[in-house]
Student: 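The structure under discussion is supplied below as structure tokens; questions concerning it will follow.
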Amino acid sequence: MHVVIIGAGQAGAALAAKLRGLGHAGPVTVIGEEASPPYQRPPLSKAYLLGHMEAERLWLRAPEFWADQQVALRLGAPVTALDTLAKTVTVGGAVIAYDALALTTGSTPRRLPAAMGGDLAGVYTLRGLVDVDAMRAEFRPGRRVVIVGGGYIGLEAAAVAAKLGLDVTVLEMAPRILQRVAAAETSGYFRALHAAHGVKVLEATGLERLLGADRVTGARLSDGREIAADFVIVGVGIMPNTALAEAAGITIDNGIATDACGRTSAPDVWAAGDCASFPWGAGRLRLESVGNAIDQAEVVAANILGANTPYRAAPWFWSDQYDCKLQIAGLNTGYDRVVTRPGADGAVSFWYYQGDRLLALDAMNDPRAYMVGKRLIEAGRSPDAALLADPATDLKALLR
């Protein structure tokens, strides 16, 4: 059985490795648009952008691994057509037949429209190696950067810029940074953290347009103010890469729609990672995280080989900003209160409840709280909120 995987990111690499780990002996082909071998993306906006990590350390596997495992990598090769009836994909003029196909096509950053100056030189998005390599020369002390979007990507870029001595302004159209993903308590923590490092965070402030003829020179804000900029980073979310699947007639619903096992609406076509949505409660969920990419891809690999195992998501995320490591477990959707638990040496964790049910937590420099909270959430256990809020409570005792 020839398994073809379109997308050479975290999910695609995990799926190919798992197929071999489970004993699949047939041909495996991984097709990637980028010229680089499969690599990890999270350090791009952190250690790699800071210059603390070289490109080779980003690679998920050494090149010899793919050769030893007899996984064929076709890199720098976008797929131009998918025929689910003939069971073929077209790559660089070559037609490749498959027995099973996995779509791990990932996602693409949203860009500002040209009418807002989004196509000016000096305007960047942050998603791949090419993006970071293109902007690294801009990060020189004293230069002015405007970051559009106060989500995790934007704030991580702001932290790197501030550490390198740049003048940093973050624009957030919503009333507060991180509003879409976190409680006001977490937003407040990171607002204060960035302010302490000299970053100007402008909340409830939209962008009217970027200024400049050929290259960006500044930004006009929704309140009429104009601020200067030597370059701009746009971090306003990502879109799942569904165009190939949609053109092939595969059902799209908040990404490439799959069943609980990762099957799409087309025979012998599967999907995993950022691009895929799966059943969750009464609706569907699409997760943008390393943990989901790996776990979902490995379940799909097993199911391609006949396991028929439903994917049980256990969401976790992280972000590094300055000397703060944020660790998140669970999903806070539907929370109605937040319990604050102080930790040692300035650490803190915020626990999300819906009624008496624990949904998620954000832990800042508190790995112990994170690990206990993650285990509680995955076990479906909800400790008394008053116990959590009391620093004298032994967290490990809550697991007994």
Student: Do L331 and L359 have side chains that approach each other closer than 4.5 Å (heavy atoms only, starting at C-beta)?
Tutor: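 No; the side chains remain at least 4.5 Å from each other.
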
Student: Would L126 end up clustered with L50 when hydrophobic side chains under 4.5 Å apart are linked, directly or stepwise?
Tutor: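 L126 and L50: one cluster.
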
Student: Hey, are the side chains of T333 and L285 touching, using non-hydrogen atoms and a 4.5 Å cut-off?
Tutor: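 Side chain of T333 against side chain of L285, heavy atoms only: no contact under 4.5 Å found.
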
Student: Can you tell me if D259 uses its side chain to pair, donor with acceptor, with the backbone of G262 under 3.5 Å?
Tutor: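 Yes; judged by distance alone, with no hydrogens or angles, the pair exists.
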
Student: Once rounded to the nearest 0.5 Å, what's the spacing between atom CG of L155 and atom CD1 of I177?
Tutor: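 L155 atom CG to I177 atom CD1 measures 5.0 Å (nearest 0.5 Å).
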
Student: Would you check if the side chain of S277 reaches a backbone N or O of R286 as a donor-acceptor pair within less than 3.5 Å?
Tutor: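 Answer holds: no.
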
Student: Is a side-chain N or O of N241 found less than 3.5 angstrom from the main chain of T105, in a donor-acceptor match?
Tutor: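 Yes; judged by distance alone, with no hydrogens or angles, the pair exists.
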
Student: Donor-acceptor check, side chain of R215 to backbone of D230, threshold 3.5 angstrom: yes or no?
Tutor: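 Here the side-chain-to-backbone pair exists.
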
Student: So do T393 and L388 actually touch side chain to side chain, heavy atoms under 4.5 Å?
Tutor: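 L388 does not reach T393 side chain to side chain.
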
Student: Should D167 and K200 count as an ion pair when the cut-off is N to O under 4.0 Å?
Tutor: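 The answer is yes: the pair qualifies as a salt bridge.
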
Student: Do L287 and F317 touch side chain to side chain, with heavy atoms closer than 4.5 Å?
Tutor: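 Counting from C-beta outward, L287 and F317 do come under 4.5 Å.
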
Student: Measuring from D131:CG to Y124:OH, what's the distance to the nearest 0.5 Å?
Tutor: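 If we round to the nearest 0.5 Å, D131:CG and Y124:OH are 10.5 Å apart.
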
Student: Quick check against the 3.5 Å criterion: does T104 have a side-chain atom that pairs as donor or acceptor with the backbone of A11?
Tutor: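 Absent.
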
Student: Backbone N or O of L326 within a donor-acceptor pair of the S319 side chain at under 3.5 Å?
Tutor: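 Such a contact is absent between S319 side chain and L326 backbone.
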
Student: Indicate yes or no: at least one non-hydrogen side-chain atom of S107 is less than 4.5 angstrom from one of M239.
Tutor: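 Side-chain contact under 4.5 Å: no.
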
Student: Does D223 CG have over 12 foreign heavy atoms under 6.0 Å away?
Tutor: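 Atom CG in D223 is crowded, with more than 12 foreign heavy atoms closer than 6.0 Å.
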
Student: Testing W351, F350, Y352 for ring-ring contact (aromatic ring centres under 6.0 Å, His included) with Y335, which one passes?
Tutor: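 So the option named by the test is Y352.
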
Student: Would you say I252 and P240 make side-chain contact, with heavy atoms under 4.5 Å?
Tutor: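 Answer no - side chains too far apart.
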
Student: May I ask you to say whether E33 pairs ionically with R127, meaning some side-chain N is under 4.0 Å from a carboxylate O?
Tutor: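 Here E33 does not pair with R127 in a salt bridge, since their nearest N and O are not under 4.0 Å apart.
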
Student: Does the R144 side chain pair with the main chain of I227, one donor and one acceptor, at a distance under 3.5 Å?
Tutor: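 Not a single qualifying donor-acceptor pair exists.
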
Student: Is there a donor-acceptor pair closer than 3.5 Å between any side-chain N or O of T258 and the backbone N or O of R263?
Tutor: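 Not at all, since once roles are kept as given, no pair shorter than 3.5 Å links the two residues.
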
Student: Apply side-chain contact (heavy atoms from CB on, under 4.5 Å) to the pair R341 and L361, showing each step before the final yes or no.
Tutor: CA-CA 10 Å; R341 180 182 173 85; L361 86 151; over 6 Å; no

Student: Side chains of T29 and H2, heavy atoms from C-beta outward: is any pair under 4.5 Å?
Tutor: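 Counting from C-beta outward, T29 and H2 do come under 4.5 Å.
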
Student: Specify whether F278 and W280 have parallel, tilted or perpendicular ring planes, treating 30° as the upper limit for parallel and 60° as the lower limit for perpendicular.
Tutor: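 If you compare the ring of F278 with that of W280, the planes turn out perpendicular.
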
Student: Looking at side-chain heavy atoms only, is the closest gap between I147 and V168 below 4.5 Å?
Tutor: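 Yes, side chains in contact.
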
Student: Same cluster or not: W66 versus I5, using hydrophobic residues (I, L, V, M, F, W, Y) connected whenever any side-chain heavy atoms lie under 4.5 Å apart?
Tutor: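 Cluster IDs for W66 and I5 match.
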
Student: For a side-chain contact (heavy atoms from CB on, under 4.5 Å) check, start with the C-alpha distance between L82 and Y98, then their side-chain angles and the critical distance, and finish with the verdict.
Tutor: CA-CA 11 Å; L82 163 59; Y98 65 81; 4.0 Å; yes

Student: Quick check against the 3.5 Å criterion: does E156 have a side-chain atom that pairs as donor or acceptor with the backbone of S45?
Tutor: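 Looks like no, no N/O pair under 3.5 Å.
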
Student: Please tell me whether D83 and T88 have a donor and an acceptor in their side chains that are separated by less than 3.5 angstrom.
Tutor: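 No, T88 and D83 have no side-chain donor paired with an acceptor closer than 3.5 Å.
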
Student: Take D119 and R111, measure what side-chain contact (heavy atoms from CB on, under 4.5 Å) needs, and give me the verdict at the end.
Tutor: CA-CA 9 Å; D119 58 354; R111 303 188 64 87; over 6 Å; no

Student: Report whether L202 and Y152 are members of the same hydrophobic cluster (ILVMFWY, side-chain heavy atoms less than 4.5 Å apart, transitive linking).
Tutor: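 L202 and Y152: separate clusters.
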
Student: Kindly give the heavy-atom pair with the smallest separation between L305 and L22, and that separation in Å.
Tutor: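 It is CD1-CB, 3.8 Å.
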
Student: Could you tell me whether the side chains of R57 and Y48 share a donor-acceptor contact shorter than 3.5 Å?
Tutor: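 The criterion, which ignores hydrogens and geometry beyond distance, is not satisfied for Y48 and R57.
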
Student: Identify whether the distance between the nearest side-chain nitrogen and carboxylate oxygen of D394 and R368 falls below 4.0 Å.
Tutor: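 Salt bridge flag = yes for R368 with D394.
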
Student: Quick one: sort the H197 and Y322 rings into parallel, tilted or perpendicular, breaks at 30° and 60°.
Tutor: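 Rings of H197 and Y322: parallel, as their planes differ by under 30°.
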
Student: Can you hop from L171 to L178 via hydrophobic side chains spaced under 4.5 Å?
Tutor: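 No; tracing contacts between hydrophobic side chains, which count when under 4.5 Å, never links both residues.
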
Student: Checking salt bridge (charged side-chain N to carboxylate O under 4.0 Å, His left out) for the pair D356/R337: CA distance, chi angles, key distance, verdict?
Tutor: CA-CA 10 Å; D356 294 329; R337 61 177 171 145; 3.7 Å; yes

Student: D366 vs Y370, test: side-chain contact (heavy atoms from CB on, under 4.5 Å). Steps then yes/no.
Tutor: CA-CA 6 Å; D366 199 336; Y370 168 73; over 6 Å; no

Student: With rounding to the nearest 0.5 Å, note down the distance linking CG in L44 to CE in M53.
Tutor: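 Result: 9.0 Å between the selected atoms.
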
Student: If you compare all heavy atoms of A97 against all heavy atoms of V4, which two are closest, and at what distance to 0.1 Å?
Tutor: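 Heavy-atom minimum between the residues: O-CG2, 4.2 Å.
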
Student: Is the closest basic N to carboxylate O distance between E203 and R176 below 4.0 Å?
Tutor: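 No, no charged N to carboxylate O under 4.0 Å.
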
Student: Between I328 and I238, is there shared hydrophobic-cluster membership here, with clusters defined by ILVMFWY side-chain heavy atoms closer than 4.5 Å?
Tutor: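 No, because I328 and I238 fall into different hydrophobic clusters, even though each may have its own neighbours under 4.5 Å.
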
Student: Whether R41 and D274 form a salt bridge (side-chain N of Lys/Arg under 4.0 Å from carboxylate O of Asp/Glu) is what I want to check.
Tutor: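 A salt bridge is absent here (no side-chain N lies under 4.0 Å from a carboxylate O).
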
Student: Return yes if some donor-acceptor pair links the side-chain N/O of K87 with the main-chain N/O of D99 below 3.5 Å, else return no.
Tutor: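 Side chain of K87 to backbone of D99, a donor-acceptor pair under 3.5 Å: yes, one is there.
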
